Amino acid sequence: MKIVGVAACTAGIAHTYIAREKLLKAARLRGHEITCETQGNIGIEDELKPQDIRDADVVILAIDIAIDKMERFEGKKVIKVDTSTLIKNPIGFIQKVEKVIGK
Amino acid sequence: MNLKDVLDENIIQIGMNAKDKDDALHQMAKMLFDYKYIDDVEGFVSDVYLREAEGATGIGQGIAIPHGKSKNAKNLGIAIATQEHPIEWETLDGGKVDTIFLFCVSSDANFARNHMLMLSKVAARLADDELLGMLHQASTPQQMIELLSESDDT
């Protein structure tokens, strides 16, 4: 499936970026296409492209805080997870997403 | 700018002998103080504890990433220490910690943005399980820097 993600933790210094990497690795390992932006202390990096959001089967929000630009995901299937859960078991999380989305 | 620009061997200690988490944070903050990354040890450590209160900074495999956004931070950097003996820490996998990355970041979000970006890239490297396994074996600060700054394939 096609996935777009956003990672954001409370301080926006470390967990945000670890979560992004874990999410990218796990999703690719399971054979999915993914892009993921970060919203951290330094603002948005690797910002999602509108086309990728349109094409995505699911939006994964690995976030511990409210994020900016949520309106981009209106009408999309959104799955939320906290960064700790994702960092702890990224493959397990992706497998759950597969079940929910059915792809 | 690359990762080596934000990794400083002066604030890396291999074989620290802290008796517990509090001792480890203080010893590492002292390193940051000695090399002018922070201007007050207690002030900085209390900001680190503010973040600790929000959730576990032990990310598993013996690695912890405490971090303080502090007005006492005058330079951005990462103090790194490997422990002789693992110590108790709040961790995602319930294990102890023997390798600690203490991120030193200014509370001013606009301060040294390029450096902040590099710190985020070091954090991203810590998502690599294979690398984490190797970090435990670093025997010199230089070796630690080499391992962390090797190009990642993602």
Side-chain angles (χ1 to χ4, degrees), chain A residues 3-48 60-68 80-94, chain B residues 3 6 47-48 50-61 63-70 73 76-78 90-95 100-132 152-154:
Chain A
I3 303 170
V4 291
V6 179
C9 64
T10 51
I13 295 171
H15 287 79
T16 299
Y17 304 96
I18 295 174
R20 174 178 186 268
E21 289 298 315
K22 293 251 183 191
L23 182 61
L24 292 179
K25 275 176 213 259
R28 285 172 186 156
L29 202 67
R30 297 284 304 167
H32 306 298
E33 276 181 53
I34 181 165
T35 57
C36 182
E37 79 178 23
T38 49
Q39 294 193 14
N41 200 35
I42 46 175
I44 296 180
E45 293 288 327
D46 300 302
E47 184 162 357
L48 296 173
I60 292 176
L61 303 180
I63 58 175
D64 306 322
I65 52 167
I67 56 164
D68 291 335
K80 208 173 130 182
V81 62
D82 55 73
T83 59
S84 296
T85 307
L86 178 73
I87 290 171
K88 196 172 169 180
N89 186 3
I91 296 285
F93 171 71
I94 292 291
Chain B
L3 295 191
V6 294
D47 285 329
V48 172
L50 279 183
R51 170 60 189 84
E52 288 295 307
E54 286 174 358
T57 56
I59 57 170
Q61 292 197 63
I63 310 281
I65 48 164
H67 39 286
K69 265 198 269 190
S70 177
L76 300 190
I78 307 174
E90 296 78 19
T91 61
L92 297 180
D93 64 358
I100 304 157
F101 291 77
L102 176 58
F103 286 68
C104 172
V105 175
S106 169
S107 46
D108 174 2
N110 294 315
F111 181 79
R113 196 174 182 286
N114 280 339
H115 273 78
M116 277 296 305
L117 193 59
M118 285 301 126
L119 293 195
S120 74
K121 292 197 188 305
V122 175
R125 292 281 286 139
L126 301 179
D128 182 345
D129 289 338
E130 209 177 309
L131 174 71
L132 296 193
D152 198 1
D153 53 4
T154 53

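Letters A, B, ... are given to chains in the order of the sequence lines, protein chains preceding strands, and every chain is numbered from 1. Everything quoted here is computed from the prediction, not taken from an experiment. Side chains are part of it too, since the values below use all heavy atoms of this structure and drop only hydrogens, waters and symmetry mates.
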When every non-hydrogen atom of A/E21 is compared with those of B/A127, the smallest separation belongs to CB-CB, 3.2 Å
Count the heavy atoms belonging to other residues, nucleotides or ligands that lie under 6.0 Å from NZ of B/K69, then report whether that count exceeds 12. yes
Assert top hit (heavy-atom pairs under 4.5 Å, partner chain B, pool A/D64, A/I13, A/D82, A/T16) equals A/I13
Worksheet item: Heavy-atom distance under 4.5 Å between the side chains of B/H115 and A/I42, does that happen here?
Response: no
Open item on the list: Can you confirm whether A/H15 sits close enough to B/R51 that some side-chain heavy atom of one is under 4.5 Å from a side-chain heavy atom of the other?
Closed with: yes
Taken to the nearest 0.5 Å, the spacing of B/H67 NE2 from A/C9 SG works out to 5.5 Å
Answer key: most heavy-atom pairs under 4.5 Å with chain A among B/L117, B/T57, B/D93, B/L50 is B/L117
Separation between CD1 (B/I59) and CD1 (A/I18), nearest 0.5 Å, reads 4.0 Å
Shortest non-hydrogen pair, B/A123 vs A/Y17, comes out as CB-CB, 4.1 Å
